[in-house]
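All remarks here apply to the structure that follows.
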Amino acid sequence: MKVLVILYKGGKAAQEEPRLLGTVENKLGLESWLKGLGHELIDSKEGPDSDFQKHIVDAEVLITTPFHPGYLTRDLVEKAKNLKLCITAGVGSDHIDLNAAVDHRVQVLEVSGSNVVSVAEHVVMSILLLVRNFTPAHEMVERGDWQVSDIARNAYDLEGKVVGTIGAGRIGYRVLQRLKPFDCKELLYYDYSPLPPAAAETVGARKIDDLKDFVSKCDVVTVNCPLHEGTRGLVNAELLKHFKKGAWLVNTARGAICDKDAVAAAIKSGHLNGYAGDVWNVQPAPKDHIWRTMKNPLGAGNGMVPHYSGTTLDAQARYASGVRSILENYFSNKPQDPQNVIVGIGKYETKAYGQR
Ligand code: NAD
């Protein structure tokens, strides 16, 4: 069986650090196991000149990661006559045309839960670094300067603020759990799937049904829902008008949920005090992507990093082992863990990728 693995080149770091499993060099730790079973493992980087286009034609299994994704478009799904299973090494399968997968009876599985703590920690860190104006303070000391007032004029405590999450699934809920001890004024969430009452009570989170109403109440908004037809461009110029002036926005879900230019304009005008996250509308982000350098009127408010929150070494160990379990089930015709199945044969099996 041909198993095609689309990863990214980890270079020197991946040669020196074998725990960088999600790289071409280390192949999720699957190479010798798969070859020992007699399967063909083809690794390839995504891109127009890559082998991806060539090998997808007769691959039966495709493994990709969201961090440096191999985009499986409808066009490629149609060419992939032998494709039966796509596995996302991580969480978030929007780089695969899921509707095309449904139409062509290709299953899509991800390793649910594998990096949700990793991302939730990153969200809390990002909220803190924006609210406390950390990045310009650190840049100041590196430059050799010391002007406390320049930083303190835009530094706040998280205590007493209203924080809300768009999406209160595995990550969103873990963010709320981690924020509870900060004594925020209120924790809110917006999601069409309500939290079980006991879970909402544990974190003290209140559901708001209208998105404009929700953002207008929040000092900090964090985005933790998948990218699908209902969330692409959800945070656009119109919605941003309803944000509190000076609010902070953190998006570690998917870049395209927030409108690139509308966010940059809101930061430039100071309507948003800051934006942070690790996900971009195109990955890798072009060198001149406005989110790399956008700043608020005080020259701060940017907490952007490359897509890595969910690919800590701890997370890589979990998603590599999750990919292996999915493959083991597939090879031996055993049922998959239902929580990992995004698209089953001919239909969505999850409620998280939009209301259908
Ligand atoms: P999950 O399925 O547990 O939760 C997603 C939640 O979003 C669900 O409760 C769902 O009902 C809700 N939702 C869907 N559409 C919505 C909408 N229109 N409005 C409000 N809520 C909506 O998923 P998760 O494990 O919490 O992961 C969420 C997303 O985070 C992933 O799909 C992925 O895109 C992203 N993610 C990013 C990284 C990273 O490294 N940056 C890592 C893992 C996951």
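Order of listing sets the numbers, starting from 1, for every ligand and every atom in it. Only heavy atoms go into these numbers, but all of them, side chains included; no hydrogens, no water, no symmetry mates. The structure presented is a predicted model; accordingly, all values stated were derived computationally and were not measured. In this chain, numbering begins with 1 at the start of the sequence shown.
Note that CG of Asp94 and CG of Leu227 are 4.5 Å apart. Values are rounded to the nearest 0.5 Å.
Polar contact with ligand 1: present for Thr252 (N/O pair, distance under 3.5 Å). Considering backbone and side-chain atoms together, Asn115 places no N or O closer than 3.5 Å to any N or O of ligand 1. Backbone and side-chain nitrogen or oxygen atoms of Gly92 are examined, and none is located within less than 3.5 angstrom of a nitrogen or oxygen of ligand 1. Between Asp94 and ligand 1, no N or O atom pair is found at a separation short of 3.5 Å. Polar contact check, Thr311 against ligand 1: no nitrogen or oxygen pair lies under 3.5 Å apart.
Using modelled atom types, one side-chain atom of Asn115 and one backbone atom of Gly310 make a donor-acceptor pair closer than 3.5 Å.
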Can you give me every donor-acceptor pair (side chain of residues 137-145, partner residue at least two apart or in another chain, under 3.5 Å) with its distance?
from: His138; atom 1: NE2; to: Glu142; atom 2: OE2; distance (Å): 2.8
from: Arg143; atom 1: NE; to: Asp145; atom 2: OD2; distance (Å): 3.0

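Among protein heavy atoms, the minimum distance from atom 35 (C) of ligand 1 is reached at Ala253 O, 3.5 Å.
Heavy-atom distances between Tyr308 and ligand 1 stay at or above 4.0 Å for every pair. A heavy-atom separation below 4.0 Å is found between His228 and ligand 1. Using a non-hydrogen distance threshold of 4.0 Å, Ser309 registers as a contact of ligand 1. The shortest heavy-atom distance from Gly354 to ligand 1 is not under 4.0 Å.
By the 4.5 Å heavy-atom criterion applied to side chains, Tyr348 and His228 are not counted as neighbours.
Grouping Ile, Leu, Val, Met, Phe, Trp and Tyr by side-chain contacts under 4.5 Å, direct or through others, leaves Tyr192 on its own.
Using a 4.0 Å cut-off between charged side-chain N and carboxylate O, Glu25 and Lys27 make no salt bridge.
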